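Each chain gets a letter, A, B and so on, in the order its sequence line appears, and its residues count up from 1. As the structure is a prediction and not an experimental result, all values here were calculated from the model.
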Amino acid sequence: MSVLELRQLGRRVGGRTLLADLNLRVEAGECLALLGPSGCGKTTTLRLVAGLELPEQGGRILLGGRDITEEPAGRRRVAMVFQSYALYPHLNVTGNLALGLRVRGVPPQERERRIDAVLELLQLAELRERRPAQLSGGQRQRLALARALLRQPALMLLDEPMSNLDAQLREELRPELRRLLCGGEAPVLYVTHDQQEAIGLADRLAVLEAGRLQQVGTARELYEKPHNRFVATFLGRPALNLLPPRDGRQLGLRPEHLRPVAEGGLAARLQRREWWGSQQLLWLESEQGDLRMLLPAAHACPDALRVGWERHHELWFDAATGERLQGLA
Amino acid sequence: MIRAVALLWSLGPLLWQLYTSLRPADALVSGPQGLGSPGGGIFGGWTLQNYSQLLAADPPFWRYLLNSAVVGVAGTALTLLLAIPCAYGLQQQRGALRWGTLALLLAASLFPTALLFLALLEWARQLGLGNHLLALALPYAALSLPLAILLLRAALADLPPELEDAARLEGLGPLQRLRFVLLPLLAPAIASTAILVFLFSWSEYPIALTWISRESLLTLSAAIARIGASSVFTIPYGAFAAATVLGSLPLVLLLLLFQRAIVSGLTQGAVKG
């Protein structure tokens with residue numbers, strides 16, 4: 001079984017820490033999304049796992065129980081889909097797929113058979129003579145994916161594979177991508193800064209910030225029991241409301257947990273209303289700063305109101321460290 | 001209007017040479033007043049006498065063209081053979097090593113080569129390289145290398161780095177990446193570098209003059225200079241002009257040929273669609 005294990009993985013460049021002490025385990029067939037803002041170390045993690053960069057002393061990468069930390073990139077049986085797709089511009093679709101097989105010494109007949117199969121799988125058969133420049137964005141992405149699948153990898157890495165596509169196409173491709181990637185033998189590491197994509201594709205999410213792993217878990221775990229303020233604000237849209245800190249503690253409230261109440265709560269004035277179809281997002285100004293409140297679209301809301309919430313929805317954080325304080329909710 | 005002036009400015013001297021080469025020797029000095037004389041008038045008395053004289057000489061003029069072509073091709077091939085791996089290796093380096101080497105190469109490529117020919121002559125004498133046609137390719141390659149490496153390194157730096165990463169992950173070794181991924185994409189840069197090196201060796205004079213003394217081994221520039229200085233009393237303008245025309249024809253052909261390769265190479269390399 002190929003399980004990916006990262007132990008104490010770190011990377012520093014010129015005195016700057018890109019990644020520190022990353023410990024992570026991805027099961028066979030599991031799709032794990034590395035999620036975080038740009039520069040958080042998610043692409044660095046992928047490049048380390050792929051063997052394109054070397055980790056700091058002490059870091060270990062194990063694939064299927066075997067230590068591959070020192071192994072050259074080409075021997076790791078790891079395939080990667082790049083953000084820019086990195087298709088060979090001078091080769092046509094077939095050529096892009098054939099090059100790797102050719103240098104790895106796959107005999108011509110088998111080469112052809114495998115290419116045909118993957119072209120069929122990704123609906124690229126009609127386009128086999130085209131160069132990358134003659135393909136649309138979605139077709140290029142599929143070709144990049146085809147090239148990676150053709151490698152029959154023990155581990156699949158994807159670096160923001162959909163960031164060059166428009167929102168609608170992204171949503172359409174998500175189930176297809178899931179069908180192709182997940183549930184096989186190989187673990188999948190999927191890097192994205194888009195939480196929708198991460199939630200839609202991955203079995204578990206790992207949230208990174210400033211080179212440090214903040215939390216790993218299912219989308220639901222991360223949403224309901226965030227370890228800290230960063231994870232709580234990063235996940236969930238519209239983003240968490242943070243009230244001003246008091247006595248070293250800070251209260252976080254999700255917009256969907258706020259409700260207009262008759263008494264108690266916070267006094268607020270309605271500033272702006274965004275219609276989201278079935279829901280409306282209300283921008284409020286309260287005595288505790290600005291708040292966002294998400295209500296069903298039909299819900300009427302007066303200009304002056306009181307905003308309340310239930311105690312078990314409260315997320316309390318240590319104001320200084322950002323750690324979530326358990327047992328206060 | 002500006003285009004016309006620019007065209008005239010660049011083509012004028014060439015056309016004048018062409019004109020001169022097709023005129024009889026005395027017409028050049030007699031001027032338009034000798035209208036009645038044989039070969040008189042601006043447009044009268046065309047002749048191929050200058051050309052036939054050149055081609056009938058011993059050795060015939062095409063011999064020099066051939067010599068220059070041999071030296072040029074050998075020098076260009078040697079330059080590329082060395083410059084491509086150098087540029088690739090240099091691009092793999094990071095930090096001070098890369099930038100220091102680039103600065104040194106830039107300094108070397110700016111060095112006036114004319115200052116070197118005496119020292120080079122000394123070496124040629126010691127190593128017994130005089131009067132060997134292919135030996136000329138050595139200094140030509142050496143002198144062209146810095147610029148060639150700089151040009152090719154810059155072209156390599158323009159390629160997206162993920163391309164090589166992708167190839168690495170597919171199991172391609174360094175030489176395979178160079179051969180199957182980078183070189184095809186560098187073709188336009190290689191073509192233009194080759195032209196520059198070839199032009200340099202085609203027109204190089206001091207080294208060719210000092211390393212080669214045997215008549216049958218002279219390169220074009222040395223041979224043309226010898227025609228110009230063949231007599232102390234007169235300068236054979238007609239023959240001289242015919243030699244320059246014959247000497248530039250292959251270059252014109254070469255540029256036309258390569259231009260196509262460069263243009264097609266550019267559109268081929270387009271990544272965005």
Side-chain angles (χ1 to χ4, degrees), chain A residues 13-14 43 46-47 49-53 71-92 95-106 130-140 143-144 147-148 150-153 155-157 159-161 164, chain B residues 84 87-89 91-100 152 154-193 258 260-273:
Chain A
V13 171
T43 296
L46 274 203
R47 294 181 62 86
V49 174
L52 297 171
E53 290 177 29
E71 215 167 5
R75 305 249 309 272
R76 290 191 180 191
R77 285 197 60 212
V78 168
M80 182 159 168
V81 175
F82 292 82
Q83 186 170 9
S84 62
Y85 308 143
L87 301 170
Y88 309 125
H90 57 295
L91 299 175
N92 61 16
N96 264 279
L97 298 174
L99 182 57
L101 295 177
R102 209 164 91 203
V103 299
R104 286 199 301 278
V106 177
R130 299 234 187 132
R131 297 252 175 96
Q134 299 163 307
L135 298 175
S136 72
Q139 289 165 345
R140 272 180 233 177
L143 177 55
R147 193 173 63 179
L150 203 60
R151 181 94 170 81
Q152 297 180 330
L155 169 67
M156 183 69 120
L157 307 172
D159 187 6
E160 307 247 9
N164 287 330
Chain B
I84 290 170
Y88 183 49
Q91 186 57 22
Q92 308 284 316
Q93 304 302 324
R94 292 277 169 273
L97 186 60
R98 187 209 283 185
W99 300 116
L152 292 173
L156 268 172
D158 280 344
L159 296 180
E162 296 92 26
L163 276 182
E164 224 197 320
D165 289 341
R168 250 172 93 187
L169 282 173
E170 286 208 277
L172 277 79
L175 286 178
Q176 289 173 320
R177 300 200 289 269
L178 195 61
R179 160 74 186 79
F180 293 115
V181 180
L182 300 179
L183 281 189
L185 297 173
L186 281 182
I190 292 174
S192 45
T193 307
F258 265 87
R260 215 172 248 176
I262 290 170
V263 170
S264 79
L266 282 178
T267 46
Q268 180 187 66
V271 182
K272 291 215 162 187

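- At a 4.5 Å heavy-atom cutoff, the contact between Arg102(A) and chain B is made by side-chain atoms alone.
- Taking the side chain as every heavy atom from C-beta outward, Arg98(B) and Arg94(B) approach each other to under 4.5 Å.
- Within the 4.5 angstrom heavy-atom criterion, atoms from both the backbone and the side chain of Tyr88(A) approach chain B.
- For Arg75(A), no part lies under 4.5 angstrom from a heavy atom of chain B.
- Closest of all the heavy-atom pairs between Phe180(B) and Pro184(B) is O-CG, 3.5 Å.
- Put simply, the side chain of Leu185(B) reaches to within 4.5 Å of the side chain of Leu163(B), judged on heavy atoms.
- Counting heavy atoms from C-beta on, the side chains of Leu99(A) and Val181(B) come closer than 4.5 Å.
- For chain B, the nearby part of Arg47(A) is the side chain; its heavy atoms alone come within less than 4.5 Å.
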